[in-house]
Each structure stands twice: as structure tokens, then as C-alpha cells.
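Accompanying notes for the structure given below.
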Amino acid sequence: MRQPLAGPAGWVDLAYFRSRFRNLIDYDFGTSKYVNTGRAKTSGFELEAGYKPASFLSLVARGTILDAKDEATGERLIRRAKNRASLLATFLVSPDVSATASLIRVGKREDRDFSTYPSTRVTLPAYTLVNLSGEWRATKSVSLFARAENLADKQYEDARGYGTPGRSFYAGVSGRF
């Protein structure tokens, strides 16, 4: 549901979601087999607020509150943060050139430490990432893009025992037909 805010320059979106899963498949590292989690449910809210103070600048804030549970055990589903938020600022340098700066915050999440047997539940710490990206539309069908991720070179894990890239740079060409 989008609600205008501060005239046509701003907006707020709020969404509620709820899902139920049957036969959710997971991997048991202890037995090296896929297992059936049985029943799980997720529910929560997503909020987005944006403001365009000038024709060349757009500001967006997003947040999610998630409740994800295994219905058989009552435990939170692993690797799903209860809270997640992001801030984005997009600058339109020219009609064909844009740049975006983003700040992403992912809250604590539970996971399993499979280096122990039987595996134990652990809490992965929250983390914050700073990213930059840009795009140049060279023609109607060809764009050049570049992005820099994790500019602060933050060490974090999305899954216990699996590292994530440090500061990373990407560039490419995309085509539309």
C-alpha cells in the first residue's frame, strides 16, 4: 500500500506478509543428507519510505521485521535475520548517468555450527555494509555499470563457517533488446 507523503515528492509503503511452508527442505551436515523440516511459517512487516527533494536526488529507507519459525520445534529458522534495514541515495548526474550509495544493516541471525557433533545453535552477529554503484546508459540498449561492495572491508558471515568477500569491485556491460 503506497501512501504519498510530503506531496508528490515522498511516499511510504507498508506491507504485511505471512507464509506457511510444508516439506521445507534443509541440509543436515551431520548426516550429509537433505532432511525435511516439516512445517515452517514466516510473517512480518516491510516498510519503505522515500523522498525526492530534487529532480537529481532520490532517498529511500527500507526495513523488514521477520518472524520465521520451525513449527515443530518452535525455534527460529536459521540464517534469517529478525531485522534488516537499508538506506539508499541515488544521484542522477545526467539523464544517462546515475550513482547510488547504500548502507545495509542485517541483524543477528541464528545458525548451526557444524564443526561440532552434534551441531549446536549459534548466533551470528549483526553487520553493516557500505556499497557504491553507478551506471552509464551509453545508448538506448547498452549500459556500462560498476559497483564497489563492502567498502569498509567488514568481515561477516551469512552462514556459519563460510566467509564472505571483503572489499569487492565489479564492472560490466548490459544490453537490452
Looking only at the side chains, is there a donor atom on one of Arg105 and Thr128 sitting less than 3.5 Å from an acceptor on the other? yes
In Å and rounded to the nearest 0.5 Å, what is the CG to CZ distance from Asp67 to Phe45? 11.0 Å
Any side-chain donor-acceptor pair under 3.5 Å between Ser143 and Arg176? yes
Contact check, side chains of Thr42 and Phe21, non-hydrogen atoms, under 4.5 Å: yes
Residue of the set Glu110, Arg109, Arg76, Lys108 for which side-chain contact (heavy atoms from CB on, under 4.5 Å) holds with Lys82: Arg76
Spacing of CG belonging to Asp158 relative to OG1 belonging to Thr164, to within rounding of 0.5 Å: 6.5 Å
Answer yes or no: is there a donor N or O on one side and an acceptor on the other, between the side chain of Ser119 and the main chain of Tyr117, under 3.5 Å? no
To the nearest 0.5 Å, atom CZ of Arg80 lies from atom CG of Asp111 at 10.0 Å
Establish whether Leu87 and Leu151 are linked, either directly or via other cluster members, by ILVMFWY side-chain heavy-atom contacts under 4.5 Å. yes
Contact between Leu88 and Arg62 at the side-chain level, heavy atoms closer than 4.5 Å - yes or no? yes
Could you measure the distance from the CZ atom of Arg137 to the CG atom of Asp96? Nearest 0.5 Å is fine. 5.0 Å
Passes side chain to side chain contact (heavy atoms under 4.5 Å, CB included), Arg112 versus Arg121? Steps please. CA-CA 5 Å; Arg112 290 211 162 271; Arg121 263 183 116 79; 3.9 Å; yes
Is it possible for you to say whether Tyr16 and Leu14 belong to one hydrophobic cluster, with membership spreading through side-chain heavy-atom contacts below 4.5 Å? yes
How many angstroms lie between atom CG of Leu132 and atom CZ of Phe169, to the nearest 0.5 angstrom? 9.0 Å
Clusters formed by hydrophobic residues whose side-chain heavy atoms approach within less than 4.5 Å: which one holds Tyr127, and what are its other members? Ile104, Val106, Leu129, Tyr156
Does either side chain, that of Asp113 or that of Ser115, offer a donor lying less than 3.5 Å from an acceptor on the other one? yes
Does any N or O in the side chain of Asn150 come within less than 3.5 Å of the main-chain N or O of Pro165, such that one atom is a donor and the other an acceptor? yes
Would the number of heavy atoms belonging to other residues, nucleotides or ligands and lying under 6.0 Å from CZ of Arg18 be above 12? no
Quick check: do Glu48 and Val60 have side-chain heavy atoms less than 4.5 Å from each other? yes
Within a strict 4.5 Å, meaning less than it, do heavy atoms of the Phe56 and Val93 side chains meet? no
Rounded to the nearest 0.5 Å, how far does OG of Ser98 lie from CH2 of Trp136? 13.0 Å
NZ (Lys52) with more than 12 external heavy atoms under 6.0 Å: yes
